[in-house]
Amino acid sequence: MERAAQNKTVFDPLKLREDFPILRRRVHGKPLVYLDNAATTQKPNAVIDALKNYYETHNANIHRGVHTLSYESTLMYEEAHEKAARLIGAPDWRSIVFTRNATESINLVAYAWGLRNLKKNDEVLITLMEHHSNIVPWQMLRDRIGIRLNYVRVGRGGELDLDGLRGLITERTRLVSVVHASNVLGTINPVKLIADAAHKAGALVLVDAAQSVPHLPVDVIDIGCDFLAASGHKMMGPTGTGFLYGKPELLESMDPFLYGGDMIEKVTMERSTWNELPWKFEAGTPDIGGAIALGAAVDYITALGPENVAAYEDELLGHALGRLSEHEWIKIYGHGGGERVGVISFNVEGVHPHDVAGVLDEEGIAVRSGHHCAQPLMADLGMDYAVRMSFYLYNTKEEIDLAVEAIKKAKRIFG
Ligand code: 7TS
């Protein structure tokens with residue numbers, strides 16, 4: 001909340017909303033209120049125009065031939081890597097591998113690092129707070145090579161059990177893979193501290209930053225992580241975009257993930273050698289236009305300032321928590337203090353979460369109801385489903401008030 005107080009007037013959300021054409025649309029006759037930003041975010045004109053401009057004036061395949069369009073596309077595609085690198089404080093743009101999404105980024109590490117470097121009884125430590133995309137790849141390695149998969153527990157207030165975490169890091173731990181900001185509870189985990197503890201034991205650290213990079217200043221050097229996975233589409237970039245950061249020396253030491261065109265240096269009938277970073281990990285024709293438009297999204301966030309985005313979302317979060325807490329029949333999960341991103345999961349006593357979401361939809365309000373791809377966490381919290389509101393920089397307190405009114409309506413109808 002302190003951050004918000006210092007930065008209150010930094011940007012005008014009403015002005016900024018004009019950059020997002022979709023926010024002008026109506027749903028069931030009501031103005032759209034989009035509160036499902038943890039799933040994917042809306043796109044500003046700058047991103048839509050970058051995509052359109054790419055296809056209208058530059059479109060060609062990259063790293064091929066000398067013709068002008070291919071040359072331009074290649075430069076623009078490489079520049080998008082540089083922008084992503086700068087956003088997360090990576091000194092070398094070649095440590096950024098473009099992927100389709102955060103899920104693919106984590107799978108890249110599981111296949112290209114895990115399959116080659118882990119052996120039976122090695123340990124991977126994750127947490128109960130993970131999205132399925134940071135659980136299932138490690139279960140795959142457990143089933144294929146017999147690694148052990150351990151989970152750090154989560155307290156009722158939504159905090160990771162850090163003492164438990166220290167106890168679970170052993171001399172067999174090879175990787176600690178942890179979510180930076182929870183997509184269910186909003187909890188911001190102390191990833192720098194976790195990275196220190198892991199490194200002391202000789203383990204590597206992967207940070208799942210799908211919900212942090214869009215909302216907070218993130219610096220890979222400050223955190224000290226070895227890998228960081230991010231989603232482009234959760235930070236206003238096009239769907240089908242994401243990236244993996246890896247320490248260059250680690251990426252150099254790894255085998256490729258996918259094999260084929262563009263990732264090779266030389267191919268003979270007998271064998272092949274690999275291209276330099278990051279192309280070694282970007283096999284086949286990538287989403288060139290998407291990546292360039294993701295670069296435009298990075299420009300948009302950078303111009304606003306990630307610290308200002310965080311401060312404004314903190315204001316929205318404080319407002320929403322205050323409004324929801326006025327009703328004892330609303331149960332909020334995991335907001336026991338500490339730093340949070342703008343995500344609130346809750347249930348309404350006596351009303352199924354899908355019914356809550358259905359009533360909100362009739363009012364033009366988009367929220368997610370379900371298991372949020374975090375079933376182990378949901379089970380640990382003693383539920384199957386919850387409603388989730390998640391904010392972004394174009395949301396307003398008035399929208400949150402409309403959502404609270406619609407929740408009250410759902411309670412009146414179903415409760
Ligand atoms: N990690 C976290 C913490 C996430 O929230 C998500 C997506 C992912 C990884 C996977 O990202 P993707 O880009 O591969 O889809 N989370 C959600 C969500 O909460 N609702 O829809 C997608």
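Indexing begins at 1, ligand by ligand and atom by atom, following the structure's order.
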Tell me yes or no: between the side chains of Asn134 and Ser177, is some donor less than 3.5 Å from an acceptor?
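Checked: Asn134/Ser177 side chains pair up, N/O donor to acceptor below 3.5 Å.
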I want to check something: taking the side chain as every heavy atom from C-beta on, are Asn37 and Tyr34 in contact at a cut-off of under 4.5 Å?
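The answer is yes, as the side chains (C-beta and beyond) meet within the 4.5 Å cut-off.
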Does some side-chain heavy atom of Val207 sit less than 4.5 Å from a side-chain heavy atom of Val205?
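Counting from C-beta outward, Val205 and Val207 do come under 4.5 Å.
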For [atom], state which one of [options] supplies the nearest heavy atom.
{"atom": "atom 2 (C) of ligand 1", "options": "Asp208, Val184, Asp36", "result": "Asp208"}
{"atom": "atom 9 (C) of ligand 1", "options": "Ala209, Ser133, Ala38", "result": "Ser133"}
{"atom": "atom 20 (N) of ligand 1", "options": "Arg368, Arg100, His372, Gln211", "result": "Arg368"}

Just to verify, which of Phe281, Trp279, Trp274, Phe257 counts as forming a side chain to side chain contact (heavy atoms under 4.5 Å, CB included) with Met263?
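Option passing the side chain to side chain contact (heavy atoms under 4.5 Å, CB included) with Met263: Trp274.
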Angle class for the Phe98/Tyr77 ring planes (parallel below 30°, perpendicular above 60°, tilted otherwise)?
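Rings of Phe98 and Tyr77: perpendicular, over 60°.
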Aromatic rings His352 and Tyr385: how do their planes relate, parallel, tilted or perpendicular, breaks at 30° and 60°?
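Aromatic pair His352/Tyr385 classed tilted.
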What part of [X] sits under 4.0 Å from ligand 1 if we count only heavy atoms: the side chain, the backbone, both or neither?
{"X": "Thr103", "answer": "both"}
{"X": "Ala210", "answer": "side chain"}
{"X": "Arg388", "answer": "side chain"}
{"X": "Lys234", "answer": "side chain"}

Numbering as shown, the atoms of ligand 1 that approach Val179 to under 4.0 Å (heavy-atom distance)
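Under 4.0 Å from Val179, ligand 1 has these atoms: 3 (C).
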State the atoms of ligand 1, each with its element, that fall below the 4.0 Å cut-off from a heavy-atom position in His233.
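That gives atoms 12 (P), 13 (O), 15 (O) of ligand 1.
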Considering heavy atoms of the protein only, find what lies nearest to atom 6 (C) of ligand 1 and give residue, atom and distance to 0.1 Å.
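The closest one turns out to be His131 CD2, 3.2 Å.
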What is the nearest protein non-hydrogen atom to atom 13 (O) of ligand 1, stated with its residue, atom name and distance?
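Protein heavy atom at minimum distance: Ser231 OG, 2.4 Å.
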Test Asp361 against His28 for side-chain hydrogen bond (donor to acceptor under 3.5 Å, both in side chains), laying out the working first.
CA-CA 8 Å; Asp361 181 59; His28 302 305; 2.9 Å; yes
